[in-house]
Amino acid sequence: MPGNKYSSSNLPGTPRTRLERLLRERELKRFSRDFNEGEGELSSAQDSFSPESSTSWLNDEESLQPVSGARTSHDGGARKDFQASKQRLLVVANRLPVSAVKHGDSWQLEMSAGGLVSALLGVKEFDTRWIGWAGINVPDESEQKTLTEALAAKNCIPVFIEEEIAHQYYNGYCNNTLWPLFHYLGLPQEDHLATTRNFKSQFEAYTKANQCFADVVSKHYEEGDAVWCHDYHLMFLPKYLKERNSDMKVGWFLHTPFPSSEIHRMLPSRSELLKSVLSADLVGFHTYDYARHFVSACTRILGLEGTPEGVEDQGKLTRVAVFPVGIDPDRFIQALELPQVKDIVKELKQRFTGYKVLLGVDRLDMIKGIPQKILAFEKFLEENPDWRHKVVLLQIAVPTRTDVLKYKQLTSQVHEIVGRINGRFGSFSSVPIHHLDCTLDFHTLCAIYAITDVALVTSLRDGMNLVSYEFVACQAANKGVLILSEFAGAAQSLGAGAILVNPWNVAEVASSISYALNMSADEKEKRHHHNFLHVTTHTSQGWAETFVSELNETIVEAQLRSRQIPPPLPIEAAVDRYACSNNRLLILGFDATLTEPLDALWRKGNQIKELKHKIRSDLREPLRKLCDDPKTTVLVLSGSNRNALDNNFGDFNLWLAAENGIFLRATTGEWMMTMPENTSMDWVDSVKRVFEYFTQRTPRSHFELRETSLIWDYRYSDAEFGRLQARDLLMHLWTGPISNLSLDVVQGSQSIEVRSVGVTKGAAIDRILGEIVHNEGMKEPIDYVLCMGHFLAKDEDIYSYFELMLPSETPTSSSSQVPTPFGTPTAGSSAAPLKKQHSLSPGKKSSFIGESMLDPMMGADRMSLLEGSSLINLQAENYFSCSVARKRSKSRYLLRSSDEVLELLRGMANHC
């Protein structure tokens, strides 16, 4: 892949399919890993954080970027080559994996707690740089420099954000708006006006903070880097990065659930966030449910097309995929062999002799279901008196956001329930619940995992929950049972080996506790084997490798796909060639070309207004100048009916072709038919009944009966339901009314049209131009053609019509160089011309464009007259075919919207 020196697709002989390329890359990664393990490299014990400086329960001895051990001189070159071959990975997250604490004139760095940090500690196959907010306000530039240097030693790059912006960004929009919504807790319930005001200021702070991250990433980005953005804090970052460098490889991963579209649509900034995330090349989620919700939100809210690969917007595909995160199980397995951990295990076993140990390890958060867990344990003790004084629940509640009122209330609620249960079922010598509001160091945590008999994970909503993975990794000897909430993302990975429960159903959880405590050793063994196999094979290293491999592969596919997309129209060159021409023909579409640009979001509420197409007001003046230019002939060619074109263009001096060219008139004349042989409508009643039936069944859909066709439009309906109905409608048509008729069924993006066979814009243009040339009395050959519109694929044969008129080779010299258009042979190409170019010579009859014209409206005399006056003398550099807002096209060039159409026509009008 050009510009990607790390992609395995550059290697000779690499297979070309997605699966084969990914398998090849995985084999290369495995070879590199085996090479390192064989040499005893990548020891994580070096360059470590000191245990004394860490208060986290994460591994104290694990640094972010492992440093290899010493090598012999014989292997030094190989080691250096391997290091150089590592792909640089820029991990961008809200917080750095370390917390900075100022001590005198120096900074002390301590490992931070969190699932993302835990997952990425095991990533060793990349040259990783971690970019994130320092978490503290450092206004002094000299202090910023000192902290930056201290973090650089740990391959960390800080992002400095002003204190007020950071507060509104993190505590406001992230934690008060996005986080509750993504966990199905809804938006803040406050005074309406205050809520609206807070949303606006916090959203502005959110965008500014994301800009700060983009600035730092752009500063440190090098060509070939993969940029991996993490979580809901940075939903605008992909957009800002792509605006700075469109070639940057950007992936975005969400570590929380993504809610149903019905929940996400509550967010005032719903569309902006979705569009920004779609700027990424690859969007990842923990589970299929989250990915499905995201695609559904893009479909229902933005009106985009969801595909099995992701979300497509006019040819630009954002790949959406599932990447279940894992842990580094070796950290936990190896920790259990350490003497200090064995000592803790021995002490805990002595402490809880005669007891079965139930364990909960959670952040003290609303979504973790701690009250539900404790109430279920109380229910279990009520129903199973024989287990009283034989079982104990250890609940580790890691404090979080202790300054927030709701969290203080949750803490008080948990303490109250624990006190009541201990008072009810406890004794002087023991209590059933041991509740700790604290963090534990890594070694102690591993020891507690190891002696646990049943782990309780009762999350009400959780992105993944790696506690369940950590528990399984430490249970090789004990074979403990995992009770797991079905609302945790881990349920889709560990569901076969765990006991899945609904945490809201206290009786069900209590029953599951009883089942787990009485489970046979054989069943425990089988359940643990399944979970242990998954945890040890789906590691954080594999998670990161798979995501980055998919990101690299997505870039390859995007480049292959981009070769099928027309390049942007060089507007300046098109205007220059227009100015240098003597007889110009402009063929313009109407809908989405000369009308106002449509936004899917507000379009949903303006159906009645938009059913009546109207030319945009700022186009009227430049279009009028072009129409009044004696050197320019303007033709509006549309699928719309005659009345729509008359109402919009009746006061212009131009030509109108309605219903795909079947009806034609100059605005100074009367309507005529170009293809009367294709206007039979004997079939319309049977098709109309089908369209009426589906219109009644599909809210906000409608159908339009035109003079030569019938169209069913469902663009305003629910996107997913509309597509299902369209599929059923097509089945009804093909198996019923039109099965034996000569009709074409033309599928638009959100419409279905039935018309006679052979009715296309390309089929009609030959006769249309013959009539125009005759009516205008043209003597000078047409030497410039601009044909642009938002045409259906079937109607794009009009582009091919003019390609046949071009010479076989493009001249090498020109007064105005035009970039090579899409799909056009260049000079020296072996492609043969499809039609010989005819030129006009003095004293010789010219070739006319209507050679195949068989229009019954013309008599023999008129045909003879047309042969002498209809002519084209078109060079390749003077032909511009442009699709408007439709990237999948046979046209030479692309205009992104009617705004660019306006820019082009204004430029041409300035030369009239």
Does NZ or CZ of R331 fall inside the cone over F442's six-membered ring, less than 6.0 Å from its centre and within 45° of the axis?
yes

Got L181 and T177 here, is their nearest side-chain heavy-atom distance under 4.5 Å?
no

Trace of the ring-ring contact (aromatic ring centres under 6.0 Å, His included) decision for F253 with W543
CA-CA 11 Å; F253 190 90; W543 169 68; 5.3 Å; yes

side-chain hydrogen bond (donor to acceptor under 3.5 Å, both in side chains) partners for K368, two or more places apart
D462

Taking atom NE2 of H534 and atom CG of N531, what is their separation to the nearest 0.5 Å?
8.5 Å

Does any non-hydrogen side-chain atom of V322 lie less than 4.5 Å from one of Y290?
no

For residues 407-414, please give each side-chain donor-acceptor pair under 3.5 Å, one per line with the distance, not counting sequence neighbours.
from, atom 1, to, atom 2, distance (Å)
Y407, OH, D365, OD1, 3.1
T411, OG1, Y407, O, 2.9
S412, OG, K408, O, 3.2

Supply the atom-to-atom distance Q395 CD to L359 CG, rounded to the nearest 0.5 angstrom.
7.5 Å

Test item: Y449 and E470 side chains (from C-beta on) under 4.5 Å apart, heavy atoms
yes

Can R461 be said to sit on top of Y184's aromatic six-ring, NZ or CZ under 6.0 Å from centre and within 45° of the ring axis?
yes

Sequence neighbours excluded and cut-off under 3.5 Å, please list the side-chain donor-acceptor pairs for residues 481-499, or say none.
from, atom 1, to, atom 2, distance (Å)
S485, OG, S459, O, 2.6
S485, OG, F487, N, 3.0
Q492, NE2, D289, OD2, 3.1
S493, OG, Y469, OH, 3.4

Between E383 and K379, does any NZ, NE, NH1 or NH2 come within less than 4.0 Å of an OD or OE carboxylate oxygen?
yes

Do F352 and H434 have their ring centres less than 6.0 Å from each other?
yes

Answer whether the closest heavy-atom distance between the side chains of Y206 and L273 falls below 4.5 Å.
yes

Output yes when R527 and E523 qualify as a salt bridge under the 4.0 Å nitrogen-oxygen rule, no when they do not.
yes

Assert yes or no for the condition that the ring centre distance of F294 to F285 is strictly below 6.0 Å.
yes

Assess whether a salt bridge exists between D386 and K390, defined as any Lys/Arg side-chain N lying under 4.0 Å from an Asp/Glu carboxylate O.
no

Using the ring of each side chain (for Trp, its six-membered ring), is H286 parallel, tilted or perpendicular to H255, with breaks at 30° and 60°?
perpendicular

